[in-house]
Amino acid sequence: MTINKLLTLIAICLLSFSCEDVVQIDVPSEDPRLIVNAVLRVDESEEFVPVEVSVTETSAFFGETPVTNVESAVIFYGVPLEDQPDLFESIFVSNLTEVDPGSGILVPDPNFSGDQRIRTQNVTPNTDFILLITFQDREYAARTTYQQAVPFDDVRQGDEILFDEDDIEIEITITDTPDVRNFYILDFDFGEFLALDDEFFDGQQFQFSYFYEQDLQPGSEVEISILGADQDFFNYVDLIVEQTQDDGGVFETPAATVRGNIFDVTDLDNIFVFDNVQQPEVFPLGYFAVVQEFRQTLTIE
């Protein structure tokens, strides 16, 4: 056997043995963290607000996200006093319960002594909402103010191309409310969102395009919504979109590096004042918002 043949044989043997090596991978691990998906979309033409809060937990790396059984959940809402915003003129309560045991989906309790649904007539631009969740003997809370949106002036399919000939252009036209700093969240279906700030079109009619990169066949329907938002919700969605563009939706599994507006309030005496919580490492993921929604369905040509 020549030297060259011997070296070739040794190389083949080494490659064969290397294919059988077991590679140990260190994956990140941490204690489960609560995930609260509580964006309530209000259609002011309907009698009731469609309340549905999803509560799950983070899982181990590569694992599925488990649902969570909360001990209790309630929404308080009302208009704060102008000179004492931590107090309310009058307060309403909506007690929540799971749709099915173990589902992690919370809705107004149909078996409560009184109607726990939130009437749209009680929701105004000055209405504050507080979500309180008890889970494993700890209490979590979030506070938000109802945010209105503006309706679509027009939603249509365009014919421009962004990067690929299969891209589908959607042209959106809205008219912004003047003299007010407005923020909007556009929901383009399929877990695709866009955060929009009116800084450069305050009070004006504004048209822009959004491009679907996925394969949408003629006859397919897409549901497009515009949601009201405050600056905190705008910032949250904007950051989440950057980190989860390929993960199937900003409200499905929030990125651990983006903190929402939900706090651990277990050690506080007054659950209505919790913006100074000094527990930076104990907080759920997700967001609580109550926002007006305008929706339109478009058929792809």
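Only this structure's heavy atoms are used, side chains among them; waters, hydrogens and symmetry mates stay out.
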So, the side chain of [X] versus the backbone of [Y]: is there a donor-acceptor pair under 3.5 Å, distance only?
{"X": "Thr266", "Y": "Glu139", "answer": "yes"}
{"X": "Gln84", "Y": "Glu82", "answer": "no"}
{"X": "Glu44", "Y": "Val42", "answer": "no"}

Taking all non-hydrogen atoms of both residues, which atom of [X] and which atom of [Y] are closest, and how far apart?
{"X": "Ala73", "Y": "Leu106", "value": "CB-CD1, 3.7 Å"}
{"X": "Pro80", "Y": "Pro85", "value": "CB-O, 3.4 Å"}
{"X": "Ile133", "Y": "Leu131", "value": "CD1-CD2, 4.0 Å"}
{"X": "Ile170", "Y": "Val155", "value": "CG2-CG1, 4.1 Å"}
{"X": "Val258", "Y": "Ile240", "value": "CB-CD1, 3.7 Å"}
{"X": "Glu293", "Y": "Ser225", "value": "OE2-OG, 2.8 Å"}

Between Tyr140 and Leu132, is the side-chain contact (heavy atoms from CB on, under 4.5 Å) condition met? List the steps. CA-CA 6 Å; Tyr140 302 91; Leu132 181 64; over 6 Å; no
Student check: side-chain heavy atoms of [X] and [Y] closer than 4.5 Å:
{"X": "Phe48", "Y": "Asp115", "result": "yes"}
{"X": "Val36", "Y": "Leu285", "result": "no"}
{"X": "Phe129", "Y": "Tyr146", "result": "yes"}
{"X": "Ile172", "Y": "Gln207", "result": "no"}
{"X": "Tyr77", "Y": "Ile91", "result": "no"}
{"X": "Phe183", "Y": "Asn235", "result": "no"}
{"X": "Ile130", "Y": "Phe288", "result": "no"}
{"X": "Val150", "Y": "Thr175", "result": "no"}

Passes side-chain contact (heavy atoms from CB on, under 4.5 Å), Leu81 versus Phe88? Steps please. CA-CA 5 Å; Leu81 294 173; Phe88 290 78; over 6 Å; no
Polar contact flag, side-chain donor to acceptor under 3.5 angstrom, Gln205-Asp153: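 Side-chain D/A pair, Gln205 to Asp153: present.
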Distance-only polar pair, side chains of Ser209 and Glu169, donor-acceptor under 3.5 Å: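 Judged by distance alone, the side chains do pair up.
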Determine, using ring centers only, whether Phe208 and Phe206 are less than 6.0 Å apart.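 Between Phe206 and Phe208, the centre distance is under 6.0 Å.
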Tyr210 and Tyr212: aromatic ring centres closer than 6.0 Å?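 Centroid distance Tyr210-Tyr212: below 6.0 Å, so yes.
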If the threshold is 4.0 Å, N to carboxylate O, is there a salt bridge linking Arg41 and Asp187?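 Salt bridge between Arg41 and Asp187, a charged N being under 4.0 Å from a carboxylate O: yes.
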same_hphob_cluster([X], [Y]) at 4.5 Å side-chain heavy-atom cutoff:
{"X": "Phe294", "Y": "Phe234", "answer": "no"}
{"X": "Val79", "Y": "Val290", "answer": "no"}
{"X": "Leu186", "Y": "Phe190", "answer": "yes"}

Return the [atom1] to [atom2] distance between [X] and [Y], rounded to the nearest 0.5 Å.
{"X": "Ile168", "Y": "Gln217", "atom1": "CD1", "atom2": "CD", "answer": "8.0 Å"}
{"X": "Phe152", "Y": "Arg295", "atom1": "CZ", "atom2": "CZ", "answer": "10.5 Å"}
{"X": "Thr127", "Y": "Ile118", "atom1": "OG1", "atom2": "CD1", "answer": "10.0 Å"}
{"X": "Asp100", "Y": "Glu98", "atom1": "CG", "atom2": "CD", "answer": "8.5 Å"}
{"X": "Asp109", "Y": "Ser72", "atom1": "CG", "atom2": "OG", "answer": "11.5 Å"}
{"X": "Asp189", "Y": "Leu216", "atom1": "CG", "atom2": "CG", "answer": "9.0 Å"}

Please step through side-chain contact (heavy atoms from CB on, under 4.5 Å) for the pair Val93 and Asn95, ending with a clear verdict. CA-CA 6 Å; Val93 180; Asn95 289 278; 3.8 Å; yes
Under the criterion side-chain contact (heavy atoms from CB on, under 4.5 Å), I'd like the reasoning laid out for Glu57 against Phe135: C-alpha separation, chi angles, the key distance, then a yes or no. CA-CA 11 Å; Glu57 285 184 272; Phe135 172 66; 3.8 Å; yes
Carefully, step by step, assess Thr134 and Glu71 under the rule side-chain hydrogen bond (donor to acceptor under 3.5 Å, both in side chains). CA-CA 5 Å; Thr134 304; Glu71 295 160 29; 5.5 Å; no
Worked verdict on Phe233 versus Tyr287 for ring pair (Phe, Tyr, Trp, His ring centres under 6.0 Å): CA-CA 8 Å; Phe233 189 36; Tyr287 209 92; 4.9 Å; yes
Verdict with supporting geometry, Asn126 and Thr124, side-chain hydrogen bond (donor to acceptor under 3.5 Å, both in side chains): CA-CA 5 Å; Asn126 298 319; Thr124 70; 4.9 Å; no
Arg181/Asp197 under salt bridge (Lys or Arg N to Asp or Glu O under 4.0 Å): CA gap, chis, key distance, verdict: CA-CA 8 Å; Arg181 185 71 182 275; Asp197 179 354; 2.6 Å; yes
